[in-house]
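Scope of the values below: all heavy atoms of this structure, side chains included, with no hydrogens, waters or symmetry mates. Indexing begins at 1, ligand by ligand and atom by atom, following the structure's order.
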Amino acid sequence: MLNPNIISFFELSRRAFPDPSVRIVLITNGLLLLKQKAPFFKAVLDNNITVSPTKYPDMDWNKIEQYVESFGVTLKYFTDTDFRSGSVSNKNERVSGKYPLHLDGKCSLTPFDSYSRCGVSNGACGVMRNGRLYPCGIIAGIHHFNNYFNQNLPVTSHDYMDIYKVANCKEILEYIAKPHPFCKYCDVAGRVASLGEYRKTTRDISEWT
Ligand code: SF4
């Protein structure tokens, strides 16, 4: 919702997938829902978009629900569990999880096995940043980790696609269906889906290793 062209995204997505049984979901932390105006919600309804916030604590969800419902839109809350099962829910609150990294790149799994067992691979959670399509948020955001913890986990030119050099859609699909060099840093076998109640980071590297 930071993107001023978000309504176009709704329209283009639905035009590409006109079958109404294809679920197009806006996943959001919900922070900007109260700032949206009538044209946003009209586009949500016109294009059959599911608005799916992650239910973080310390937000007035009753107020947000009432606001969006005044435009005829019902929220469907997103949770990791629901995402994996392919459904959406309206009751689950966000929990904390752990996606550990191996700083030396020596995971117990090969990059192929990590990628095959990864819930966010294969286009499920691609991230666009500065004209590059990253297969996941971990690779797209690892520079923050490197800067903060003085690390140097490398992102190579094989860990993203330059969208301005892509010839066609098939090329993108083939790219995101394969493991990436960075996957060797990702300890998929050590992931913990739920550490219980959501809590803020202590900014210690142990949360990531
Ligand atoms: S680096 Fe590879 S294994 Fe890790 S989250 Fe991204 S796609 Fe999945």
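- Residues Asn5 and Ser8 have side chains that never bring a donor and an acceptor to within less than 3.5 angstrom of each other.
- Less than 4.0 angstrom separates some heavy atom of Val188 from each of these atoms of ligand 1: 3 (S).
- The closest protein non-hydrogen atom to atom 4 (Fe) of ligand 1 is Cys186 SG, 2.3 Å.
- Ion pairing of Lys170 with Glu174 is present here, as a side-chain N (NZ or NE/NH1/NH2) and a carboxylate O approach within less than 4.0 Å.
- The contact set between ligand 1 and Ile138, taken as ligand atoms under 4.0 Å from a residue heavy atom, comprises 5 (S).
- Among all protein heavy atoms, the one lying closest to atom 6 (Fe) of ligand 1 is Cys136 SG, 2.3 Å.
- Following chains of ILVMFWY side-chain contacts shorter than 4.5 Å, one cannot reach Tyr99 starting from Leu109, and the two form parts of different hydrophobic clusters.
- Aromatic ring pairs are classed by plane angle as parallel below 30°, tilted from 30° to 60° and perpendicular above 60°; the pair Tyr160 and Tyr134 is tilted.
- Here Cys118 has side-chain heavy atoms under 4.0 Å from ligand 1, and that is the only part of it that gets that close.
- Scanning the protein heavy atoms around atom 2 (Fe) of ligand 1, the nearest turns out to be Cys183 SG, 2.4 Å.
- For ligand 1 and Phe182, the ligand atoms under 4.0 Å from any heavy atom of the residue are 1 (S).
- Atom numbering of ligand 1 starts at 1 in the shown order; those under 4.0 Å from a heavy atom of Arg191 are 4 (Fe), 5 (S), 8 (Fe).
- A donor-acceptor contact shorter than 3.5 Å links the side chain of Glu207 to the backbone of Thr202.
- The distance between the ring centers of Phe10 and Phe40 falls below 6.0 angstrom.
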